[in-house]
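Before any comments, here is the structure.
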Amino acid sequence: MYLIFIVFFFFSTSGDFIRHFNPLSNAQTELNKRYLDKLNRFETNLQDELNMKKRALATYEIIHGLNLNYAAFVKETDLKGEKLKEKKFAKKYLFPDKECQNLHVSLSEFVLGFPAVFRGGLSSDLGLDMNTLTMQNPIRNKFFFETPDGAIGSILCHMETVVLSQTLAYLGQQLDEGKSSFKVIASSDTSFLQGFKDVYYVGEDITFDFFSRDSIAPTVKINQVSMTPNYKGLHYKINWTPTKVGQYELEANIGDDYIRRSFRVIKPSLRFLENEQEIAAYLGEPLSLTVDLNGLENIRDLSFTSIGAQIKNKNGELLITPEVEGRFTVEMRSNGDILDSKSMFARKGQAPEIVLKDVAGQKTEFAKAHCLESLSANWQVVNFSMTLIKPDGTASKTKSRTRFLRNELRSIEAAAPAGSTLIFDEIRLLNSNGTSTTMGAPIFIGK
């Protein structure tokens, strides 16, 4: 703004005073070249930053085009002496409807790309009226009303400086000279935002804690979506749970304090504390695995499911019982959405142990036995065979189509001579999933 004040101060003076603006504009031109080079080299994957860079470069090109026209005008008119006080350039190159509209719309779109709290200052620095920012009309820039030709170049260079420097400040790039019109503060350098991380998990309950000494509520946006903070004793908190993987951007400001931070949201990995090489799953047999919950404590409604196995979760200790032989999956979920999964393989293990039980379900001897039962709750006896081997070596086999000891089997045992052996074998078992079957370990009873 100091340029503009000086211009109007010298309105009633001779052109010799205005001639000092040409060397000043040359110095600004060199500064702007550095800013432009820095902006062109700035790289980012954030769409918001790409848009800001694109807007800034488009606005700079329009202003720079006018500056080139001004340089040609100076050469053509041999601008010096009393000619410096004339006001021909603005009327010819800045006030016609097309040029006037292009400049106003470009500058306005540039200002509107910034958070609302900074638009007033930027508008003043660029000669705009806040009330006309959204208009598409050919509105004359107030910097060029009655402006002498000798000062035009410095004003255009000033506009270039504002556009380039404020864009670099917004993008978090350190400026070599001067100060920006607002402060961009890293969370590590301020108590404004507390407890910020660079990486969060899908499904994680996240709290952004903003400290406000004056109890002024911050304006907060995540990926341009406004968030409403909850107030609690000088602290304003945003509770947020991401549902998608991606790059996110947090913007917040209280007064002149402005924070713009990027962070990533990723899916957590399902890890077990046990060595994977030592994990062996057997059909129908419970396998205990402990989930590594480090960093997962704040994931909402964390649960574990499976296709092909039953899972019981006891504070991160999973009791996994495979229901099928072969490949099955263990899935980690948040609110029903799969965060990660592990593929495991179940094979048939040792034959389940079988015992004789009485009507009360207690293990017993043959005389009081009611049925055959597996010691594993995941297996149930379907049928079996009973083989009688007499002392002379002769053998006879009887098939039972149920798990119960029928009277026929009791009669065979009662008639068997001393020294005989009863063998319960070919014991077919059905898994609790209703489909898988296996054979149980035989039972030997001597008489």
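Side chains are part of it too, since the values below use all heavy atoms of this structure and drop only hydrogens, waters and symmetry mates.
Side chains of D209 and T207: a donor-acceptor N/O pair is absent below 3.5 angstrom, by distance only. No side-chain donor-acceptor contact under 3.5 Å links S334 and R300. If you check the side chains of E251 and Q224, you find a donor sitting under 3.5 Å from an acceptor. A donor-acceptor pair shorter than 3.5 Å cannot be found between the side chains of R428 and T437. Side-chain contact check for N383 and S400: no donor-acceptor pair (N or O, by modelled atom type) lies under 3.5 Å. There is no side-chain donor-acceptor pair under 3.5 Å between D425 and S385.
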Checking D301 against R333 for the salt bridge (charged side-chain N to carboxylate O under 4.0 Å, His left out) test, could you report, in this order, the C-alpha distance in whole Å, the side-chain angles of both residues, the deciding distance, and whether it holds? CA-CA 8 Å; D301 296 330; R333 295 174 178 261; over 6 Å; no
In sequence, state the C-alpha distance, the side-chain angles, and the governing distance for E109 and T59, and then conclude on side chain to side chain donor-acceptor pair (under 3.5 Å). CA-CA 9 Å; E109 289 180 349; T59 305; over 6 Å; no
Side chain to side chain contact (heavy atoms under 4.5 Å, CB included) evaluation trace for F424 with I354: CA-CA 9 Å; F424 293 92; I354 308 300; over 6 Å; no
Could you please spell out the steps behind the salt bridge (charged side-chain N to carboxylate O under 4.0 Å, His left out) verdict for D37 and R41? CA-CA 6 Å; D37 179 62; R41 286 187 285 107; 2.9 Å; yes
With salt bridge (charged side-chain N to carboxylate O under 4.0 Å, His left out) as the test, would you mind laying out the steps for R403 and E373 before giving the verdict? CA-CA 8 Å; R403 62 191 176 98; E373 290 284 1; 2.2 Å; yes
Run the side chain to side chain donor-acceptor pair (under 3.5 Å) check on E317 and T290 step by step: do they pass? CA-CA 4 Å; E317 182 181 350; T290 305; 5.5 Å; no
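Using a cut-off of 4.0 Å between Lys/Arg side-chain N and Asp/Glu carboxylate O, E249 and K221 are scored as not salt-bridged. The residues R271 and D340 are annotated as not salt-bridged, no charged nitrogen and carboxylate oxygen being separated by less than 4.0 angstrom.
Of the options L128, L112, N102, a side-chain contact (heavy atoms from CB on, under 4.5 Å) to L107 is made by L128 and by none of the others.
In this structure, N137 places its CG atom where more than 12 heavy-atom neighbours from other residues, nucleotides or ligands lie under 6.0 Å away. More than 12 non-hydrogen atoms from other residues, nucleotides or ligands lie less than 6.0 angstrom from NZ of K399. Around the CZ atom of R264, the shell of radius 6.0 Å holds no more than 12 heavy atoms that belong to other residues, nucleotides or ligands.
Legend: salt bridge (charged side-chain N to carboxylate O under 4.0 Å, His left out) pairs involving residues 154-166, not counting sequence neighbours: none detected.
Under the 30°/60° scheme for interplanar angles, the aromatic rings of W240 and Y248 are found to stand perpendicular. The aromatic rings of F208 and F210 lie tilted to each other, with the angle between the two planes from 30° to 60°.
Atom CG of L36 and atom OG1 of T29 lie 11.5 Å apart (nearest 0.5 Å). A distance of 10.5 Å separates OG of S108 from CE of M130, quoted to the nearest 0.5 Å. The CD1 atom of I443 sits 12.0 Å away from the CE atom of M386 when rounded to the nearest 0.5 Å.
For Y93 and Y70, the distance between ring centers is not under 6.0 angstrom.
L318 has its side chain out of reach of S288: every pair of non-hydrogen atoms, C-beta onward, lies at least 4.5 Å apart.
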